[in-house]
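Throughout, residue positions are numbered sequentially from 1 according to the sequence presented.
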Amino acid sequence: TLLLALDFGGTKLAAAIAHAGSREWVGYERALSPTNANAKTDLEIMRSLIYSLLEKAKPSAIGVSFGGPVDATTGKVRLSHHVPGWENLPLRDLLAEEFGVPVSVDNDANVAALGEHRFGAGQGYNSLFYITISTGVGGGWILNGKPWRGAEGMAGEIGHMVVDPNGPVCLCGKRGCVERLASGPYMAQDAREELEQQGNRGEVLRGLVGSNLDLITGKVVSEAAAAGDDLAVELLYRSARSLGVGIGNIANLMNPQRFVLGGSVTKAGKGWWDVVKKKARETALPEVNFEIVSAALGDDAPLWGAVALASELVL
Ligand code: ADP
Ligand code: ZN
């Protein structure tokens, strides 16, 4: 049985085909989403990726990872935070009609959780919470061995869990959300603002970017922290502590066996990981046990998750 996996990311589009049960791609196509992309142009690009794959193989189902909120029961996209024009688009039905096979669509964090459960760091675990810490922070549940999406598909929104009610304002309007404190772009923004104050903190960071503060990214903050920069260490550890508090609270509330962490910020190094684990342990009750581990599927996580999603339609 061949399965087609699609990944609509914020900046890139990918499509791949695999045999159910295999861990190798039969075909793989990817393209960048143009900077002025809208839903129509992204769909056009994806269609061309799909048609070039179809020359090699004929899939029996399609699984889709979408980078934004989705109603998985209807397969309708609610919206994309990065690309305009996706509002209420019936993505599942569009694809099912054009390609004549069953289609399942879900948001990228839920899909990644499913992928890690089926193929990655969550194999054999009946309950896990997957968290991606990257441009944003998102999460997805596996409970009783199956995705748990919540009444409206909105379960797992750890990114906007408030961990510091007096903290800085998040894009969602609230203060002190995990995403506001832990994500890469916000770490970079806070570093820039601090350097603009012309204080004497952040010497190493300033040395790395010179006068062009726009060059500061989450990655640069973590490099400066590794070199001992005081400001960068503070921001990186604040990221880790905030995420750790969120994880500890979720452990108390839901008691999953595992937390699986993916996304680029998890590449920040051992110091970051140690603080996440320590803070989560401090926040959870002593009787609540859990493990925090790194995601195993890497950049192809959404595609492998989409394979798992597609396989549920035919197996
Ligand atoms: P995405 O994962 O959303 O496609 P990137 O991987 O380029 O995008 O980066 C997402 C965020 O993670 C950016 O803010 C980036 O600076 C940050 N990031 C990347 N690598 C690291 C790292 N080693 N440590 C901390 N943050 C990082
Ligand atoms: Zn928020």
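Trp273 and Thr266 form no side-chain donor-acceptor contact under 3.5 Å, judged by distance and modelled atom types alone. A donor and an acceptor atom, one from each side chain of Ser33 and Asp42, are located under 3.5 Å apart. Under the 3.5 Å distance criterion, with hydrogens and angles disregarded, a donor-acceptor pair is assigned to the side chains of Tyr125 and Arg258.
A pairwise comparison of heavy atoms in Pro90 and Lys76 identifies CA-CG, 3.7 Å as the closest pair. Taking every heavy atom of both residues into account, Leu181 and Asp164 meet most closely at CD1-CB, 4.2 Å. Residues His117 and Gly122 come closest through the heavy atom pair CD2-O, 3.4 Å. For the residue pair Asn289 and Asn255, the shortest heavy atom distance occurs at O-OD1, 3.8 Å.
Remark: Arg118 fails to qualify as a cation-pi partner of Trp304 under the 6.0 Å distance and 45° angle criteria applied to the six-membered ring.
For the salt bridge (charged side-chain N to carboxylate O under 4.0 Å, His left out) criterion with Asp274, the lone passing option out of Lys277, Lys270, Lys278 is Lys270. Arg201 pairs with exactly one of Glu193, Glu196, Glu194 by the salt bridge (charged side-chain N to carboxylate O under 4.0 Å, His left out) rule, that one being Glu194. Across Asn110, Leu114, Ile250, a single residue satisfies side chain to side chain contact (heavy atoms under 4.5 Å, CB included) together with Trp141, and that is Ile250.
One distance of note links CG of Asn88 with CG of Leu79; it measures 8.5 Å at 0.5 Å rounding.
In this structure the side chain of Lys12 reaches within 4.5 angstrom of the side chain of Asp7, judged on heavy atoms.
Residues Phe66 and Trp86 bring their aromatic ring centres within 6.0 Å.
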